[in-house]
Amino acid sequence: MSVFSLSQAIASLTSTLKQLEIHQYGEPIIQLSVPVAPLPSIAWLASQSCYPKVYWRGRDTQEEVAAVGSCKDFAFEDAVDDNQLCAAYQQQRALSSNPEIRYYGGVAFDRNTDCWPEYGRAHFILPRIELRRSGNNYSLLINLNIEINDIECERQIALDALQQLSPPMPLSAPNKIHLLSRSDRPNQRRWRELVNQVTQDKFIQDTPKVVLSRLTQLEVNEKVDPWMLLASWQGRNQNSFQFGFQFSPDSAYISCTPERLYRRRQRELFTEALAGTTTRGLNEEEDAQLAKALLDDSKNSHENQLVRQHIVDALTPLSNYVGADELAKVFKLSHIQHLHRAIRAELKPGVNDFQILLALHPTPAVGGLPRDSAINFIRQREGYTRGWYAGACGYFNKYESEFAVAIRSALIEPGRINLFAGAGIVAGSEADAEWGELENKLATILSILTEV
């Protein structure tokens, strides 16, 4: 099959759309696709004038998606129970038998509290146009939704969307921002109080782990390009998931996160326990020493084992088989390294993504154990709204899905950059050491943004 330039791909899809007998498909969601020559996905996305904008790249780097516009949107800004979410999920899956139809979006860390405007407690979209990369192969796709719109109206909307596409322009050059002020919530004094509360013998006996987090707000007087920032971040941490959601020009949420929530291919599921942290060394010898100390450290090993066991227990009712690494390995990022255990499950017939999300999210790596008591403590004491931070972001379709845990992330708003970091507090945790871990987790993004 020949590969088109971007302009040729647009012309080909335009021609197909004009001649398309939509009623012959017999389904309300239709997708058209043509191969296209390689394009710089983030630069292409940044060049488009249409919203929303979505970016997704898997941790194995073989899969990348840049998408614009909305063909189908379902969002829950206010309180929503699990039955409503499940019904919406099942309704979307039933609209098409095409396994290439994908919905991208996220679920907040805590769906029982107020969340960020536009993002809501859960928000998923079927994009109007997608640029997808699989390995070295690129495709330009357009989606149509005739569930609600008149056929000819939907055809015209799709044609207009194609005509509005722009070629990729170079991203703006990275530059250090002028920082007006920085504030942390909770501040260090309050952080010490919270860690001391969690590590009290009486509390920790019933709640052995709480993942406390911090919002770091940077006030700036200049515009920050979220896609330039994500591309720079991507260059520093290649072995992470990278994603971004920009539902309007004024707000963008981006993440360069190491942690997979799960990956499903039909009934095969992969997930992991990622908990326990140390810094990177200045040379190979020091790096190896720090990695060995992390493996040997009882506090970090205990924290990782708690996460591993919880995930195994959560998946067992949904699975015919669950297997997990007995021994932890070290997962390395640019400034820090984590303990990691891989987990694989064979799901029972009929188990769907929503059931998996309910079982796994939020994991003990971002909430704590037991889940309910840890999250209640966070809800009442942490002092800010997490929103999509530590939430689940990714995509689902008929037969496969992948979600990442939205740590190492930034919410960019006019005049402000919101950064997030968390630390698992267990028996033996020391407040100042955990505060230092928060700083280590922000080191990469701060080094891109500011002079450090």
Side-chain angles (χ1 to χ4, degrees), residues 2-20 30-57 63-73 100-105 118 125-134 136-145 149 153-175 222-235 242-254 395 412-414:
S2 58
V3 176
F4 298 120
S5 67
L6 178 60
S7 60
Q8 289 171 331
I10 293 171
S12 175
L13 287 174
T14 298
S15 176
T16 302
L17 266 173
K18 288 179 177 178
Q19 302 172 46
L20 189 66
I30 299 167
Q31 184 177 86
L32 305 176
S33 172
V34 294
V36 68
L39 291 166
S41 299
I42 293 184
W44 178 82
L45 186 63
S47 301
Q48 307 312 312
S49 58
C50 181
Y51 294 88
K53 299 181 181 182
V54 175
Y55 178 79
W56 171 267
R57 194 178 86 156
E63 181 179 68
E64 187 177 27
V65 178
V68 295
S70 174
C71 174
K72 176 82 176 179
D73 182 299
E100 295 301 317
I101 299 291
R102 285 187 180 183
Y103 294 82
Y104 302 89
E118 297 185 299
I125 66 165
L126 171 64
R128 176 63 67 186
I129 294 173
E130 299 177 58
L131 174 67
R132 286 191 197 172
R133 176 178 67 83
S134 178
N136 295 320
N137 299 315
Y138 288 72
S139 299
L140 187 68
L141 304 91
I142 187 160
N143 297 307
L144 293 88
N145 173 17
N149 285 335
C153 176
E154 184 68 3
R155 188 199 309 270
Q156 192 57 52
I157 291 171
L159 288 168
D160 291 344
L162 283 172
Q163 296 311 307
Q164 291 173 20
L165 291 181
S166 301
M169 299 291 289
L171 289 167
S172 56
N175 64 299
E222 56 201 278
K223 187 173 181 180
V224 176
D225 180 353
W227 305 113
M228 175 277 291
L229 184 56
L230 183 59
S232 300
W233 208 351
Q234 184 179 85
Q242 291 106 33
F243 59 82
F245 292 90
Q246 190 174 21
F247 294 109
S248 72
D250 286 339
S251 174
Y253 182 59
I254 62 172
Y395 70 87
I412 300 163
E413 302 173 297

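Only a predicted model underlies this, so the values are computations on that prediction, with no experimental measurement involved. FYI, side chains are in, hydrogens and waters are out, and symmetry mates aren't considered; it's all heavy atoms of this structure.
The backbone N or O of Asn137 lies less than 3.5 Å from no partner atom in the side chain of Ser134, so there is not a single donor-acceptor pair. Judged purely by atom type and a 3.5 angstrom limit, Ser41 has no side-chain atom pairing as donor or acceptor with the backbone of Ala66. Side chain of Gln48 to main chain of Leu165: no donor-acceptor pair is present (N/O by atom type, distance under 3.5 Å, no hydrogens or angles). Side chain of Ser47 to main chain of Ala43: a donor-acceptor pair is present (N/O by atom type, distance under 3.5 Å, no hydrogens or angles). Remark: side-chain polar atoms of Arg128 are paired, donor with acceptor, to backbone N or O of Asn143 under 3.5 angstrom.
For the pair Leu144/Leu17, a side-chain contact is recorded, criterion being any heavy-atom separation below 4.5 Å from C-beta on. Put simply, the side chain of Asp250 does not reach to within 4.5 Å of the side chain of Glu118, judged on heavy atoms. Residues Arg57 and Ile42 fail the side-chain proximity criterion, which asks for heavy atoms closer than 4.5 Å. In this structure, Leu6 and Pro168 have side chains that are in contact, with non-hydrogen atoms separated by less than 4.5 Å.
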Stepwise, does the side-chain contact (heavy atoms from CB on, under 4.5 Å) test hold for Asn175 with Glu222?
CA-CA 11 Å; Asn175 64 299; Glu222 56 201 278; 3.8 Å; yes
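The salt bridge (charged side-chain N to carboxylate O under 4.0 Å, His left out) analysis of residues 155-174, with sequence neighbours excluded, yields the pairs Glu152-Arg155.
Judged as a side-chain contact (heavy atoms from CB on, under 4.5 Å), and not counting sequence neighbours, the contacts of Ala252 are Pro226, Gln246. For Glu100, the salt bridge (Lys or Arg N to Asp or Glu O under 4.0 Å) partners two or more places apart in sequence, or in a different chain, are Arg132. Applying the side chain to side chain donor-acceptor pair (under 3.5 Å) test to Tyr55 and every residue at least two apart in sequence or in another chain returns Glu64, Gln234. Take Glu63 and apply the salt bridge (Lys or Arg N to Asp or Glu O under 4.0 Å) test, not counting sequence neighbours, and it matches Arg102. With sequence neighbours excluded, the residues forming a side-chain contact (heavy atoms from CB on, under 4.5 Å) with Gln163 are Ile10, Thr14, listed by chain and number.
In this structure, OH in Tyr253 is found 11.0 Å from CD1 in Ile412, a value given to the nearest 0.5 Å. The structure places CG of Leu140 at 12.5 Å from CD of Gln8, a figure rounded to the nearest 0.5 Å. Atoms CD1 and CG, from Ile142 and Leu162 in turn, are 3.5 Å apart once rounded to the nearest 0.5 Å. Note: Leu141 CG to Glu130 CD = 5.5 Å, rounded to the nearest 0.5 Å. Distance check: Trp56 CH2 to Tyr104 OH gives 10.0 Å after rounding to the nearest 0.5 Å.
Closest of all the heavy-atom pairs between Leu13 and Ser33 is CD2-N, 4.1 Å. Here the closest heavy-atom approach between residue Ser12 and residue Phe4 is recorded as OG-CE1, 3.9 Å. Across every non-hydrogen atom of Leu171 and Ala46, the tightest pair is CD2-CB, 3.7 Å. Minimum interatomic distance between Leu39 and Tyr138 (heavy atoms only, all atoms of both residues): O-CE2, 3.3 Å. The shortest heavy-atom contact between Ile125 and Pro52 is CD1-CG, 3.6 Å. Val54 and Leu45 make their closest contact through O-CD2, 3.5 Å (heavy atoms, listed as atom of the first residue, atom of the second, distance).
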